[in-house]
Amino acid sequence: MKTIKILILSILVLSINLFAASVATITALKGSATIQRDGASLQAAIGSKLEQKDVIKTKENSKLQIIFKDETIITLGKNSEFSIAEFMFEENQKPVAKFGMIKGAMRTITGKIGKIAPEKFTVQTKTATIGIRGTNFAVVVGDDGSYQAYCTYGAISVTINNEPHVVKQGLFINVSPGGKAEVREFTSEDLKEMKKKNYGERKLRIAK
């Protein structure tokens, strides 16, 4: 009887630790994606829990949506690779959201961290750091090292070689493989074409 109680207690403790480690949930998925964790590759599914240091990879003609504990929403396009470098949103602890965009496309609607501590919300590419001022934005990273960051609401700051570039709503920054940056306006058609190219035309089915 004592052994059974110890076993039950161990299972409960393990379950609590697993729950506490979760920082986000995959809430929509079209196609196929994997979660790289501690050297293992896990098949992603709607309802999959994500942890710090996880790397999420989507395949051809695939896309998924992630909702974090602070209600930040991130949508990944096809052939994308995204990492959760650090995420903290707990009582009595300083919030932080540090993500990595290795390749592909992501769209972001920032949540509570973006409102209460925007300076703690960053997205890192190979050559730049993207900071926010409470905003919605999209990032497309090319295989050649080029990338574009579109600001659809608020403003973002893109720092390249220690030089910040402020990108306000309605603007995007285009960065060449060599690091040359140019900030320009985008039209609704430009945005529509970017979404079609990286996410396809079919909408994600959100889990209820």
Side-chain angles (χ1 to χ4, degrees), residues 24 28-31 33 55-68 72-87 97-111 113-114 118-204:
L29 173 63
K30 176 183 177 291
V55 176
I56 300 90
K57 297 181 178 181
T58 61
K59 298 186 178 180
E60 182 68 27
N61 298 321
S62 300
K63 54 185 174 181
L64 61 76
Q65 182 186 81
I66 305 166
I67 297 183
F68 286 80
T72 288
I73 301 173
I74 289 179
T75 304
L76 300 180
K78 64 181 181 180
N79 296 322
S80 296
E81 188 171 344
F82 168 84
S83 66
I84 306 172
E86 186 178 1
F87 187 91
K98 292 183 179 180
F99 304 121
M101 194 63 198
I102 297 95
K103 68 174 183 177
M106 66 174 283
R107 288 184 287 166
T108 305
I109 300 175
T110 56
I113 292 178
E119 73 282 0
K120 297 296 184 180
F121 190 111
T122 57
V123 176
Q124 183 74 48
T125 71
K126 291 181 180 179
T127 58
T129 300
I130 301 171
I132 67 162
R133 299 180 181 181
T135 190
N136 302 343
F137 64 97
V139 180
V140 180
V141 180
D143 292 333
D144 60 356
S146 65
Y147 63 91
Q148 297 81 42
Y150 298 76
C151 183
T152 55
Y153 183 79
I156 59 176
S157 176
V158 182
T159 302
I160 308 165
N161 296 325
N162 296 319
E163 182 181 353
H165 302 264
V166 176
V167 183
K168 297 181 179 180
Q169 183 174 330
L171 302 177
F172 79 103
I173 186 169
N174 181 65
V175 183
S176 70
K180 183 179 179 181
E182 182 181 7
V183 178
R184 304 199 303 260
E185 291 185 3
F186 64 83
T187 66
S188 58
E189 285 300 315
D190 292 334
L191 200 60
K192 183 178 179 181
E193 184 62 27
M194 182 275 290
K195 290 179 180 179
K196 181 179 179 181
K197 181 179 178 180
N198 293 284
Y199 300 93
E201 295 180 337
R202 293 180 59 187
K203 293 184 178 180
L204 279 169

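None of these values were measured; they are calculated from a predicted model.
When atom types are taken as modelled, the side chain of T72 and the backbone of T110 share no donor-acceptor pair closer than 3.5 angstrom. Under a 3.5 Å cut-off, the side chain of T152 and the backbone N or O of N136 do form a donor-acceptor pair. Looking at S146, its side chain never comes within 3.5 Å of a backbone N or O of D144 through a donor-acceptor pair. Side-chain atoms of Q124 come within 3.5 Å of backbone N or O of A128 as a donor-acceptor pair. Checked by atom type and distance alone, the side chain of K126 never pairs as donor or acceptor with a backbone atom of M101 at under 3.5 Å. The closest donor-acceptor contact from the side chain of N79 to the backbone of E60 lies under 3.5 Å. Using modelled atom types, one side-chain atom of K63 and one backbone atom of Y199 make a donor-acceptor pair closer than 3.5 Å.
The distance from atom OG of S62 to atom NZ of K57, rounded to the nearest 0.5 Å, is 14.0 Å. Between the CZ atom of R133 and the SG atom of C151 there is a distance of 10.0 Å, given to the nearest 0.5 Å. Rounded to the nearest 0.5 Å, atoms CD (E119) and CD1 (I113) are 10.5 Å apart. The distance from atom NZ of K103 to atom CD of E81, rounded to the nearest 0.5 Å, is 6.0 Å. Here Y150 contributes atom OH and D190 contributes atom CG; the two are 6.5 Å apart, rounded to the nearest 0.5 Å. Here the CD1-OG1 distance, from I132 to T122, works out to 9.0 Å after rounding to the nearest 0.5 Å.
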Checklist entry - Where do I73 and I66 land on the side chain to side chain contact (heavy atoms under 4.5 Å, CB included) test, with the steps shown first? => result CA-CA 6 Å; I73 301 173; I66 305 166; over 6 Å; no
Item to check | Criterion side chain to side chain contact (heavy atoms under 4.5 Å, CB included) on V140 and N198, from CA distance to verdict | outcome: CA-CA 8 Å; V140 180; N198 293 284; 4.0 Å; yes
Checklist entry - Please walk me through it: do I74 and Q65 pass side chain to side chain contact (heavy atoms under 4.5 Å, CB included)? => result CA-CA 6 Å; I74 289 179; Q65 182 186 81; over 6 Å; no
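Screening I130, V158, V166 against I173 for a side chain to side chain contact (heavy atoms under 4.5 Å, CB included) leaves a single residue, V158.
The side chain to side chain donor-acceptor pair (under 3.5 Å) pairs that include a residue from residues 166-177 are Q148-N174, where partners are two or more places apart or lie in different chains. Listed by first and then second residue, the salt bridge (Lys or Arg N to Asp or Glu O under 4.0 Å) pairs that reach into residues 174-185 are E182-R184, sequence neighbours excluded.
Relative to the ring axis of F137, R107 does not place its NZ or CZ within 45° and under 6.0 Å from the centre.
A pairwise comparison of heavy atoms in V123 and M106 identifies CG1-SD, 4.1 Å as the closest pair. Heavy-atom minimum distance, A149 versus V167: O-CG1, 4.3 Å.
Annotation: side chain of I102 is not in contact with side chain of V141 (no heavy-atom distance under 4.5 Å). Using a 4.5 Å cut-off on side-chain heavy atoms (C-beta onward), L76 and I56 make contact.
Remark: N161 CG is loosely packed, at most 12 non-hydrogen atoms of other residues, nucleotides or ligands lying under 6.0 Å away.
Looking at residues two or more places apart in sequence or on another chain, you find a ring-ring contact (aromatic ring centres under 6.0 Å, His included) between F99 and F68, F82, F121.
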